[in-house]
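Remarks on the structure that follows.
For clarity, every value in this text was computed on a predicted model and none was experimentally measured. Protein chains get the first letters and strands the later ones, always in sequence-line order, with residue 1 at the start of each. Quick note: numbers below take in every heavy atom, side chains included, and nothing from hydrogens, waters or symmetry partners.
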Number of protein chains: 2
Amino acid sequence: MTTIKDVAKKAGVSVATVSRFLNDSGYVSADAAKAVTAAVDELKYELNPVARSLNTKKSNLIGLILPDITNPFFPELARAVEDVALTYGYTVVLCNSDENPEKEKNYIETLKKKYIAGFIVTSNQLDAPHYANANVPIVALDRAINDKIPVVSSNNKEGAVIGTNALLERGCRNVLFLRGPEELNPANDRYDGFMEAIRQSDADYQVVTCPFHFADSQKVVEQALQDNPSIDGIFASSDVSAAGALKAAGTIGRQVPDDLQIVGFDGVAMGEMLSPGLTTVAQDVYKMGAVATRVLIKQIENKKIEQSFYEVPVKLVIRGTTRSVAE
Amino acid sequence: MTTIKDVAKKAGVSVATVSRFLNDSGYVSADAAKAVTAAVDELKYELNPVARSLNTKKSNLIGLILPDITNPFFPELARAVEDVALTYGYTVVLCNSDENPEKEKNYIETLKKKYIAGFIVTSNQLDAPHYANANVPIVALDRAINDKIPVVSSNNKEGAVIGTNALLERGCRNVLFLRGPEELNPANDRYDGFMEAIRQSDADYQVVTCPFHFADSQKVVEQALQDNPSIDGIFASSDVSAAGALKAAGTIGRQVPDDLQIVGFDGVAMGEMLSPGLTTVAQDVYKMGAVATRVLIKQIENKKIEQSFYEVPVKLVIRGTTRSVAE
DNA sequence: ATATTATGTGTAACCGGTTACACATTGCAG
DNA sequence: CTGCAATGTGTAACCGGTTACACATAATAT
């Protein structure tokens, strides 16, 4: 392995000069620069990042902390993070937290010892003070930790308004809202959006809380549909719940979309594969990940961050679980 | 930050003794051991992994190279890898290769500079010689690189036999096999399994090659079904393709499972959410990941590896796209 | 002409560990 | 009693970089 000393010798300068040249720090004459470039080329020198880290107490590792990569929301996020990290020369460490604050803390401590450059955090159980005191750049997704930590989030409330109106415009008079867990910020924003939209109409509605789980949602919806046959629209605050609702509708013998319309929230790939295809309020998850990563890298590189709150727009994707709009 | 020197001073011994104690290398007297333990405790000393890496040229990073975490097969794999890595004190670096050999090479080079401990590789385009010469522990998934590199794989051929027989036993007389890309090893094994099973029956069959993509599969199946209405069973070599087939069946007006039965391969979560639920040959993806990681860590820690080929069993999951077996 | 300042470079300390080697001791065999 | 192996410990070199500081020279200001 060729080291900076080899390069220095070959170029006929000191290691300090080589280092200064490579890091573009301090003065280096044109002659020296040329000699070093040549030596680097010839020896195919590549800097050892570990040795550098030991000195600078920095690395180009980014930690991505998320509850569970298995949850269909996260792979795309991870993909986005990895893509932009790669362009900027960073490497992504995957951390599944299971929403467990102990695990999160543990990752933070472990990775800080490796001089991790920063974290992107998606979590709802997160131990806010711990993050606040982590003393390392952080960007949060969907959840404010404190006002120093930038947040990127979908426009959940507006998305819920759009989703609700989609049902209303298509003639729904009694809509069931599948509310997500109350600990989840985004779920609450969606609830607010739903309430705002539904109150501006004269439609009936009811709200049921259920976790973002397929089987649970299916059960809950079956029950609700049996108890109240006049429900003619369901707005689920996640696609997985919507899938559960769709299945429940099938089981009970309700025709979607003729007899019952369904709108989901998230825009995961699965929505397309259902029959009928799921109409949904799609988040631009990739964009969220990309924005979060860029903001994080800006922070890492001490560039100014213009805002501390980034909202990514949301889009209604119409598929088969809703009818066409009555004019 | 407390260093090994602080500990040495506090314990009244030299850094060498501390290091020997911490690494359980060389001789350390009981007295010294006690003093060091106490000092470590008191100072809350934690070893700096970067400094250690610089010396030992080893780290506890594991690289997970896969085509695209967004592909529903991989999150669960990643999860398994991360879980077992964590128990053994390793950290996982996520690498999306897009099946691009250049990207793969690049990751390998970049991470080797960080003294990565080893790689788990899932790829079909992989540059075999490059891996073979990487000079770092590797475990491959689903694809043999050379006989020195252990492989873990599902029992694809047997799975295909089971899946095919599931259709045959349920009365299918004309089955369409959706063959995956020919570059993919597992896809070919599945093809072999299908052929073996179908030839032992007197059923008609046809084979169509199509990528593991929803929309493509849907299109291909629509066409096939229109061209040949006597098809009464479809065996798709991936669940995503099966989902496409199911959708196509719906579009064309075929009743599943009464009129047409479908079996997929993979066992991704989505299968359950479809209506009817997808009968499929489920791989134990989590187990594959876990096995691969354990084998890798054994390699890393220079323990003997018993075998170089690990086959994870596969299981038929019966849901709604197949009928009950006629007695 | 002299004082500053900007430019350019090398030496050596340092980051926080590991480990080769030298130097004790102690125990036991011959 | 001597010799050699086993046990125990410290000093200092080393891993491969970065950077403070000292020093030298050229350019500019006064």
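Put simply, CD1 on A/Ile4 is 14 Å from C1' on C/dT11, counting in whole angstrom units. Between B/Leu47 atom CG and C/dG16 atom P the separation is 12 Å, expressed in whole Å. Residue A/Leu54 contributes atom CG, which lies 9 Å from atom C1' of C/dC14 at whole-angstrom precision. As a whole-Å value, the separation of B/Asn55 CG from D/dG17 P is 14 Å. Distance A/Lys58 NZ to D/dT18 C1': 11 Å, rounded to the nearest Å. In this entry the distance linking NZ of B/Lys5 with P of C/dG16 reads 8 Å, nearest Å. B/Asp31 has its CG atom 10 Å from the P atom of D/dG8, to the nearest Å. Between the CG atom of A/Asp6 and the P atom of D/dG17 there is a distance of 9 Å, rounded to whole Å.
Regarding contacts with the backbone of C/dT18, every side-chain N or O of B/Lys57 stays at 4.0 angstrom or more from both OP1 and OP2. When the side-chain nitrogen and oxygen atoms of B/Ser14 are compared with OP1 and OP2 of D/dG10, one or more of them lie within a distance under 4.0 Å.
Mapping B/Ala32 and B/Tyr115 onto DNA chain D via the closest heavy atom, the residue that lands nearer the 5' end is B/Ala32.
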So B/Lys10 and B/Asp41, salt bridge (Lys or Arg N to Asp or Glu O under 4.0 Å) or not? Walk me through it.
CA-CA 11 Å; B/Lys10 184 120 207 162; B/Asp41 254 44; over 6 Å; no

Between B/Asp142 and B/Asn156, does a side chain to side chain contact (heavy atoms under 4.5 Å, CB included) hold up when you go through it step by step?
CA-CA 9 Å; B/Asp142 268 339; B/Asn156 286 299; 3.7 Å; yes

Residue pair B/Ile108, B/Cys95: steps toward the side chain to side chain contact (heavy atoms under 4.5 Å, CB included) verdict:
CA-CA 10 Å; B/Ile108 297 199; B/Cys95 313; over 6 Å; no

Evaluation steps, side chain to side chain contact (heavy atoms under 4.5 Å, CB included), between B/Phe119 and B/Ile149:
CA-CA 11 Å; B/Phe119 288 98; B/Ile149 295 180; over 6 Å; no

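Side-chain contact check for A/Asn23 and A/Arg52: at least one donor-acceptor pair (N or O, by modelled atom type) lies under 3.5 Å. For the residue pair B/Asn48/A/Tyr115, the side-chain donor-acceptor check at 3.5 Å is satisfied. For the residue pair B/Tyr286 and B/Asp83, a side-chain donor N or O sits within less than 3.5 Å of a side-chain acceptor on the partner.
Using a 4.0 Å cutoff on non-hydrogen atoms, the parts of residues 15-30 of chain A near DNA chain C are A/Val15, A/Ala16, A/Thr17, A/Arg20, A/Tyr27, A/Val28, A/Ser29, ordered by number.
Closest to the side chain of B/Val13, out of C/dT19, D/dG16, D/dG10, is D/dG10.
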